[in-house]
Amino acid sequence: MITVRDPHPWPATETEAEALQRRLRPRVRFDGVPEEVRYAAGLDVDYREDSDELVAAVTVLDLADLSVVDSAVVRDRPRFPYVPGLFAFREAPPLLDALQRLTIDPDVLVCDGQGLAHPRRFGLACHLGVLTDLPSIGVGKTPMGHYDPPGQNRGDWTPLHMDDDEVGRALRTRTGVKPVFVSVGHRYTLQAACDLVLTLTPTYRLPETTRTADHLGRQAE
DNA sequence: GCGACAG
DNA sequence: ATCTTGTCGC
């Protein structure tokens with residue numbers, strides 16, 4: 001069962017939110033990497049424009065055949081506006097609720113957004129990883145840093161930089177298609193994260209984890 | 001001051 | 001995120 005470590009009051013202002021990121025940032029671990037990964041969770045949030053609500057969806061996939069073996073959906077009111085760099089304060093609350101309703105504990109969280117590829121090196125994937133102490137990675141569709149385009153073949157990659165740090169990779173998951181942007185969240189290595197993303201993208205640009213969670217969220221009433 | 005800025 | 005057009009995958 002998944003539990004939230006050291007639950008903290010949710011910040012009300014951007015200043016408080018940034019301070020909380022700086023306080024939690026040292027809790028990101030780079031050891032404790034899982035030796036075997038069988039279950040990967042996909043996390044996604046759907047925005048309902050008319051009802052002013054968020055729908056958080058989580059799916060758990062068996063890496064052996066990419067079948068969905070567990071899932072959870074949670075509806076919630078947004079508790080924070082969308083602010084670049086403070087994304088987690090909008091999406092994390094319902095996602096944490098959904099994670100705690102899972103029956104199968106995932107070995108890794110595959111988050112829709114960034115991990116270390118973040119202005120304060122503490123994106124959504126880091127935040128969720130630290131709060132649950134689960135291994136996590138971030139897979140973003142849009143980079144926050146700079147990169148040179150990787151080669152055109154599936155599997156090709158280039159470093160993703162922010163300031164002078166190497167914070168992730170631009171990874172080509174489909175030949176000739178725009179890359180995705182992979183970064184570590186918690187208790188994972190960048191190489192293993194990229195290997196996992198390639199396992200999760202036999203057909204499409206985005207990981208099956210993200211796609212199944214996205215489908216679940218929009219089908220939910 | 002100006003631009004850039006995950007979903 | 002969402003909107004919109006053309007193209008591709010199933």
Side-chain angles (χ1 to χ4, degrees), chain A residues 14-15 17-18 20-21 24-25 28 41-58 66 73-96 98 109-130 136-147 152 154 160-186 190 193 197 200-220:
Chain A
E14 296 185 21
T15 305
E18 288 190 16
L20 185 55
Q21 288 180 330
L24 293 177
R25 169 67 179 84
V28 172
L43 296 77
D44 188 53
V45 174
D46 190 48
Y47 293 66
R48 300 292 166 86
E49 54 181 279
D50 27 332
S51 60
D52 191 41
E53 275 186 318
L54 308 179
V55 179
V58 179
L66 302 186
V73 178
V74 167
R75 303 188 62 123
D76 196 10
R77 292 275 175 174
R79 303 178 199 185
F80 209 88
Y82 170 68
V83 180
L86 301 177
F87 186 43
F89 296 97
R90 186 167 176 78
E91 296 210 343
L95 286 172
L96 289 167
L109 307 179
V110 180
C111 303
D112 184 22
Q114 318 293 340
L116 295 176
H118 175 276
R120 288 167 292 281
R121 309 296 182 266
F122 198 71
L124 175 68
C126 299
H127 207 131
L128 291 174
V130 163
S136 65
I137 69 170
V139 183
K141 298 181 280 293
T142 309
M144 294 186 91
H146 303 290
Y147 68 102
Q152 289 297 310
R154 165 171 156 87
L160 177 64
H161 290 98
M162 291 188 77
D163 308 310
D164 290 321
D165 295 336
E166 196 166 317
V167 294
R169 289 180 186 172
L171 176 66
R172 192 86 66 180
T173 55
R174 301 299 300 164
T175 298
V177 174
K178 178 181 173 177
V180 298
F181 303 90
V182 180
S183 56
V184 165
H186 183 60
L190 184 54
V197 169
L200 290 168
T201 52
T203 309
Y204 297 98
R205 173 188 178 226
L206 296 179
E208 286 299 314
T209 37
T210 301
R211 288 170 40 79
T212 53
D214 178 69
H215 293 158
L216 178 64
R218 21 181 109 205
Q219 287 172 0

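The basis for the numbers below is simple: all heavy atoms, side chains too, and nothing from hydrogens, waters or symmetry mates. No experiment lies behind these values; they were computed from the predicted model shown. By convention in this document, chain letters (A, B, ...) are assigned in the order of the sequence lines, proteins followed by strands, and residues within each chain are numbered from 1.
Looking at heavy-atom distances under 4.0 Å, A:L86 makes contact with a base. Across all strands, A:G85 comes closer than 4.0 Å to base atoms (heavy-atom distances).
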Quiz item: A:E18 and A:F122: side chain to side chain contact (heavy atoms under 4.5 Å, CB included), yes or no, with the steps?
Solution: CA-CA 10 Å; A:E18 288 190 16; A:F122 198 71; over 6 Å; no

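Between A:M162 atom CE and B:dA6 atom C1' there is a gap of 10 Å when expressed in whole angstrom units. Put simply, CG on A:L95 is 11 Å from C1' on B:dG7, counting in whole angstrom units. A straight line from CZ of A:F181 to P of B:dA6 spans 12 Å, rounded to a whole angstrom. Regarding A:R48, its CZ atom lies at a distance of 13 Å from the C1' atom of C:dA1, rounded to whole Å. To the nearest angstrom, C1' of C:dC8 lies 18 Å from NZ of A:K178. For the pair A:E91 CD and C:dA1 C1', the computed distance is 9 Å after rounding to whole Å. The interatomic distance linking A:R90 (CZ) with B:dC5 (P) rounds to 19 Å, in whole Å. In this structure, CD of A:E53 is placed 18 Å from C1' of B:dG7, rounded to the nearest angstrom.
Sparse packing is recorded around CZ of A:R218, with 12 or fewer heavy atoms of other residues, nucleotides or ligands lying under 6.0 Å away.
Nucleotides of DNA chain C nearest to A:Y204 and A:R218 differ in position, and the one nearer the 5' end is that of A:R218.
Taking OG1 from A:T173 and CZ from A:R154, the interatomic distance works out to 7.0 Å, rounded to the nearest 0.5 Å. The structure places CZ of A:R120 at 12.0 Å from CZ of A:R25, a figure rounded to the nearest 0.5 Å.
In the set B:dA6, C:dC10, C:dA1, the nucleotide with an atom closest to the side chain of A:Y82 is B:dA6. Residue A:T203 has its side chain nearest to C:dG9 when only B:dG7, C:dG9, B:dA6 are considered.
Of the listed residues (A:L66, A:V110, A:T201), just one forms a side chain to side chain contact (heavy atoms under 4.5 Å, CB included) with A:E208, and that residue is A:L66.
Remark: A:Q114, A:H118, A:G123, A:L124 in residues 114-130 of chain A come within less than 4.0 Å of DNA chain B through at least one heavy atom.
Note on ring orientation: taking the six-membered ring where Trp is involved, the planes of A:F89 and A:F80 are tilted (angle from 30° to 60°).
Note on A:R121 versus A:D163: salt bridge recorded, some NZ/NE/NH1/NH2 to OD/OE distance being below 4.0 Å.
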